[in-house]
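All remarks here apply to the structure that follows.
Here is the naming used below: chain letters follow the sequence lines, and residue numbers restart at 1 for every chain. Just so it is clear, the model here is predicted, and its values are computed rather than measured.
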Number of protein chains: 2
Amino acid sequence: MGTTLKDIAEYCGVSSATVSMIINGKSGRISDDTIRRVEDAVRHLGYTPNIAARSMVTKQSKTIGLTIPDISDYFFSELAKGVGDEADEHGYDLLIGNTGSKLDKEKEYIQVFQGRSVDGIIFAPLNSCEENDLFQGLQKKHYPFVTIERYIKDQVPGVFMKNFQGAYDLTRLMIEKGHRKIAFITGPLCTASASQRLSGYKAACRSMNIAVDEQLIFSGDFSYESGNRVGMEFFDERECTATAILASNNRMALGFYEEILSHGLSVPEDLSIAGIGGARFYPVLNPKITTIDMPIYDLGREAAKLLFHLLKGEEIKKRAVEFNLNVLDQGSIRDLNTLR
Amino acid sequence: MGTTLKDIAEYCGVSSATVSMIINGKSGRISDDTIRRVEDAVRHLGYTPNIAARSMVTKQSKTIGLTIPDISDYFFSELAKGVGDEADEHGYDLLIGNTGSKLDKEKEYIQVFQGRSVDGIIFAPLNSCEENDLFQGLQKKHYPFVTIERYIKDQVPGVFMKNFQGAYDLTRLMIEKGHRKIAFITGPLCTASASQRLSGYKAACRSMNIAVDEQLIFSGDFSYESGNRVGMEFFDERECTATAILASNNRMALGFYEEILSHGLSVPEDLSIAGIGGARFYPVLNPKITTIDMPIYDLGREAAKLLFHLLKGEEIKKRAVEFNLNVLDQGSIRDLNTLR
DNA sequence: ATGAAAGCGCTAACAC
DNA sequence: GTGTTAGCGCTTTCAT
């Protein structure tokens, strides 16, 4: 199809080795004249290097692989953007594997990635007991990879958000504003992030001498709909006397918020609400939801940075990069101390 | 690194040609015994074909390229999901090029894609006069590609949404509900979709003998913030007597909605609002925004389908696939006919 | 029913 | 300074 090195070489009357060196910037000992002629020819003939051929000899493809559960989820597309931008700056391209949260798909992509000789892999969330084998296999092969928000034993390089601390801080804020009965909506507890957030909530309660009441813990799955569902359950149970709701992510918080409004109640006058981040949502609402700010884009970038360190064979000082999470108070938690 | 064809061949005491045929299902004239032995060895040794090597000889990479302006935008990530799922079903992988809406980035990705011998390319929106050259170049090289929502002369294969018709229908609905002064917020008019939506709006007005009032047309850029900004302008101009707002997409509609609420007004009692789709938004609001339902995922899938037809060299009956758009009335438009 | 050999486009080592 | 050569892992004739 396209122009090859050989075409350029013949056109210039030099060998393809010479052209190769020039193209790869290893023109140390090549005459300026030749360099110019070759460069002209490259432009003239419109040469594009064949990456496959190059990969075969260099053993690297300048590509990194990324597996994510769902690219249409804002969390993961924002993450992918961070990874992609960082890769781009290093002259790498990105192959994305959409797993649909299925472990066998993830395994499949590992094969695909290897077949395509990607230089390294980044794995975003998905959790199962089988995973350790997966990662151990890669480690044994010395295949560089980085995980995002996946806590696993024998810690491999990874980037994380301080989910526990974020949940803890937000819960503390609610308590400090005078709430003693705070309902919690969990995410899918098989994921590390959801279970850590739950732990943070519980720890904060205990730290303020509030007994954790299992009746106040509702289980969701990070979806908007599960926020709705919990909202309906909540209002059905007459005896539920919570004054505030904390959702493990913002999507669920929004789902719950909808139920509050559709019951003709107001936030925060009748009920306070907060969410632990992880989904973009357009403000609109008044008040907006008090939340935990999550640096998703940076998380992706940092994961890629870590991978590139690995690829350069650099000694990694810290195999785990952790991100602090900050509370963003937007007025959806009522301050009970001010009434009297 | 990994196991090669040759490894398998030696292990089984056959030639690599034989193994190759078996792996590629061209085992027509190979003894069942050999087949079984090879297949066992493949499993045992954990063979993964080297795609780069294969591509070199077959001249195809089983990869398609997709350029999008912003992967973290729901429209494009949903689109990418559709493309990816369809690709997956055909045994293809997806290389995504994030252009940040920059034409030179898009050009760069064309190079990258060619270098990686992607079998075909799908281009999602971005618009400029330089584009025609770009596409003509590809066409001359007989490089298969498909566009999404890009109207260009000498129509290349592409998939489209009936933006004009969608805007037209939604505007008509507003008029039928008795609105005569309908403000419009445009998207960036350099994009085909935005300008078509504007045309649809104007045409609907004219069809009902309503003069198009340029004072009622505000320019936005598809962002939430521009919806806010237009909202502020709107309320600043005392003489603006519109009873309804139509935004060229939902993000802007939401931005405007926020301004309505923050002025202490209600939808649709004080002001009616609608948006022409293109962004996911969580319901929450009451009423939800009346909108145009957009089959974004399907659009992506259909684009990929079209590309695969091209790749198979099949005769394309229709080079343009168009999607009908339907109005989704959710109550944010007040019916002025019912009052007296 | 299977093997030998050529060649895809490129880079790297070593000659000259 | 530049050319020659070998080889990366695979598929594909063409022999046998």
Given dG9(C), dT11(D), dG3(D), identify the nucleotide with an atom nearest to the side chain of Ser16(B).
dT11(D)
Of the listed nucleotides (dA1(C), dC10(C), dC8(D)), which one gets closest to any side-chain atom of Arg54(A)?
dC10(C)
Counting side-chain heavy atoms from CB outward, which of dT11(D), dG9(C), dT12(D) is closest to Met21(B)?
dT12(D)
Check each residue of residues 37-50 of chain B for a non-hydrogen atom within less than 4.0 Å of any atom in DNA chain D, then write out the ones that pass by number, or none.
Tyr47(B), Pro49(B), Asn50(B)
Under-4.0 Å side-chain N/O to phosphate OP1/OP2 contact, Ser55(A) with dC8(D):
no
If only side-chain N and O atoms of Ser15(A) are considered, is one of them under 4.0 Å from the OP1 or OP2 phosphate oxygen of dT2(D)?
no
Point-to-point distance, once rounded to the nearest 0.5 Å, from CG of Leu134(B) to CD of Glu106(B):
6.0 Å
Can you name the closest pair of heavy atoms from Ile71(B) and Ser77(B) and give their distance?
O-CB, 3.3 Å
Validation row, ring centre Tyr143(A) to ring centre Phe113(A) under 6.0 Å
no
From Asp7(A), Val19(A), Ile23(A), residue fulfilling side chain to side chain contact (heavy atoms under 4.5 Å, CB included) relative to Tyr47(A)
Ile23(A)
With a non-hydrogen cut-off below 4.0 angstrom, is Gly13(B) in contact with a base, only sugar-phosphate, or nothing?
sugar-phosphate
Taking 4.0 Å as the cut-off, does a side-chain nitrogen or oxygen of Lys59(B) come that near to OP1 or OP2 on dG9(C)?
yes
Earlier contact from the 5' end, DNA chain D, for Ala52(B) and Ala17(B):
Ala52(B)
Quick check: Phe123(A) with Phe135(A) (ring centres under 6.0 Å apart)?
yes
Measure from the side chain of Ile30(A), starting at C-beta and using heavy atoms only, and say which of dT2(D), dT11(C), dT11(D) lies closest.
dT2(D)
Determine: side-chain N/O of Thr34(B) to OP1/OP2 of dT2(C), distance under 4.0 Å, yes or no.
yes
Measure the NZ-CD1 distance between Lys81(B) and Ile296(B) for me, rounded to the nearest 0.5 Å.
11.5 Å
When you measure from the side-chain N and O atoms of Ser20(A) to the phosphate of dT11(C), is any distance below 4.0 Å, counting only OP1 and OP2?
yes
Short side-chain N/O contact to dA12(C) OP1/OP2 from Lys26(A), under 4.0 Å:
yes
Using five pairs at either end of the helix from dA1(C)-dT16(D) to dC16(C)-dG1(D), determine the angle between the two local helix axes and round it to 10 degrees.
40°
Among the nucleotides dC10(C), dG3(C), dT11(D), which one has an atom lying closest to any side-chain atom of Thr18(B)?
dG3(C)
Looking at dG9(C), I'd like to know if its phosphate oxygens (OP1 or OP2) sit under 4.0 Å from a side-chain N or O belonging to Thr4(A).
no
For Thr58(A) and dA12(C), is the shortest distance between a side-chain N/O and OP1 or OP2 below 4.0 Å?
no
